[in-house]
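Here's the structure we're looking at; comments come further down.
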There are 2 protein chains.
Amino acid sequence: MTTPLEKARKDPESMKARILDVARRIFGQYGFHGTTTRMIAREVGIDISTLHYHWGGKKDLYESVVVDINKDLRQKLVEVEKVIHALPLNERLDISIDLTTDYLFEHPEISNLILLRYFGKTRSEGNFDSIIPEFTADIARSMGLARDKKNVPPETMMKVLAVMNSIHNFISGENFFRPMVKAERERYIALVKATLKFIHIPAFTQNEAKYNRLSCRLS
Amino acid sequence: MTTPLEKARKDPESMKARILDVARRIFGQYGFHGTTTRMIAREVGIDISTLHYHWGGKKDLYESVVVDINKDLRQKLVEVEKVIHALPLNERLDISIDLTTDYLFEHPEISNLILLRYFGKTRSEGNFDSIIPEFTADIARSMGLARDKKNVPPETMMKVLAVMNSIHNFISGENFFRPMVKAERERYIALVKATLKFIHIPAFTQNEAKYNRLSCRLS
DNA sequence: CTGTGATTCAATCATTTGATGGATAGATAC
DNA sequence: GTATCTATCCATCAAATGATTGAATCACAG
């Protein structure tokens, strides 16, 4: 049995897929309440009822969008992990910052949507996915900060969150931050990467060194 | 001439002030579009028309809220600056992270609102305050990363943004992140502080050391 | 061609939501 | 006491918005 979402992803030309694509972008920009079904329909160039025909209701569409972007992000992270697999920590960070940043700058709706979900409430109750927690633990393991994705200590989770969030922030806040630093697009992207590396690499490598010294002394 | 906002701040018991207070909280939780004037009025225990009588319209009220929280935050930062004034950089960071974090955990609407403004669009056009950019530069100077608030280089602005945002993230995302690390409130706050210091202090101090070595060599 | 199911749209509905007008009560000035 | 100004609420409006219905159109198997 294929879910509507899987069907949409299979054929990117289908109406289902076109709607989902536009919905990603608009929900990402305006958030759940800031988006109207009419905005999405207009952008796709169809009637609202067609949208309802394919996706049920606004809420349903939104949920599908969330699942969709999480799938994309997770897949990208798996891809990144393959590249950085056996490198030392500082290079792992360096490369994964580059790759992840580039990818998210090409798909800013992903960062937008994730952050809006973190920081904004929905009037209607009960939305909480276990997806994010789960793959935050994944990243921890992939960064070599935890053995397996079960039993990642809170301190490590927090560090991973800090890294991921700082990336999303600069992507999603581009409209705000870029004018502040008076840079055009390419320059801004370069600044983001440099800043992320400046902030994160010392933290993890310095403390790694500390741990190494410590374990030497102990052995 | 006193603006309505100044009047409201003067007398915290006034209806104006009570509305503003509730509006801060609700706009912070649900964002501009997610908040209805009725939600605010109900929470205050008044009729919507009373709200309109005092603050004009939803948009006006929202703008006032934004100005209000920026005033509060700025004042706090000035306060923090006095404390850390002449200390070495690593202590400056350590203390200002403690103070700022504590303050924002007591007033999470501030972080909520700032982040929602960064990351979410409003359907209606033209909202851009120059307040934020301005005092990002202020922080840079206060952290000793720039001589004066004019002419702060983009790289420095980005670093300051990274620090401020990472704080706001953990405050505003508490509802999401705290369950992820399975911590109760106090523990979470401690984790946040530890993580922030873990991430940021090495970055700035390590590079300061680098600069120092460099300037030694040059002299 | 014809019937059948899938897809799309125009029209419409019910509710929500931002906003206003006018009545009422209270305080203060004269 | 009367006038005036402030503050509040009730009733209501007009627009926006999520959703549905039923008719029209299209694709295509038989």
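When reading the values below, keep in mind they use all heavy atoms of this one structure, side chains included, and skip hydrogens, waters and symmetry mates. Order of the sequence lines fixes the chain letters, A, B, ..., with proteins taken first and strands second; residue numbering starts at 1 for each chain.
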- Message: Looking at A:D148 and A:R141, is there a salt bridge between them, counting it only when a charged N and a carboxylate O are closer than 4.0 Å?
- Response: no

- Nearest whole angstrom, please: distance from the P of D:dA15 to the CZ of A:R38. 14 Å

- Item | Atom-pair distance (NE2 on B:H33; P on D:dA16), nearest Å | 13 Å

- Task: Under 4.0 Å between any heavy atoms, over every strand shown, what does A:I48 touch: base, sugar-phosphate, or nothing? Just pick one.
- Result: base

- Rounded to the nearest Å, what distance is computed from the CZ atom of residue B:F27 to the P atom of nucleotide C:dT17? 13 Å

- Message: Centroid separation under 6.0 Å, is that true for the rings of A:F177 and B:Y118?
- Response: yes

- Message: Between A:K58 and A:T35 (side chain of the first, backbone of the second, donor and acceptor by atom type, cut-off under 3.5 Å), is there such a pair?
- Response: yes

- B:W55 CH2 to D:dA7 P: how many Å, rounded? 13 Å

- Query: What integer distance in Å separates A:I26:CD1 from D:dT17:P?
  - Reply: 13 Å

- Message: Among D:dC9, C:dC9, D:dA7, which nucleotide has an atom closest to any side-chain atom of A:D47?
- Response: C:dC9

- Query: To the nearest angstrom, how far is B:R42 atom CZ from D:dC9 atom C1'?
  - Reply: 16 Å

- Task: Would you please indicate if the ring centroids of B:F176 and A:F119 are separated by under 6.0 Å?
- Result: no

- Taking atom P of D:dT17 as reference, at what distance in whole Å does atom CG of A:L51 sit? 14 Å

- Indicate, yes or no, whether a donor-acceptor pair under 3.5 Å links the base of C:dA10 to the side chain of A:S49. yes

- For the side chain of B:H54, counting heavy atoms from C-beta on, which of C:dG18, C:dT8, D:dT8 is nearest? D:dT8

- Task: Determine: side-chain N/O of A:T37 to OP1/OP2 of D:dG18, distance under 4.0 Å, yes or no.
- Result: yes

- When you check the side-chain N and O atoms of B:S166 and B:H200, is any donor under 3.5 Å from an acceptor? yes

- Which of these nucleotides, C:dA19, C:dT8, D:dT8, is closest to any side-chain atom of B:K58? C:dA19

- A:Y53 side chain N/O closer than 4.0 Å to the phosphate oxygens (OP1, OP2) of C:dT7? yes

- Task: For the side chain of A:H52, starting at C-beta, report the closest nucleotide among C:dA19, D:dA19, C:dG18.
- Result: D:dA19

- Query: If you check every side-chain atom of B:R123, which of C:dC9, C:dG18, D:dT17 has the closest atom?
  - Reply: D:dT17

- Minimum-distance nucleotide to A:T36 side chain [options: D:dT8, D:dG18, C:dT8]: D:dG18

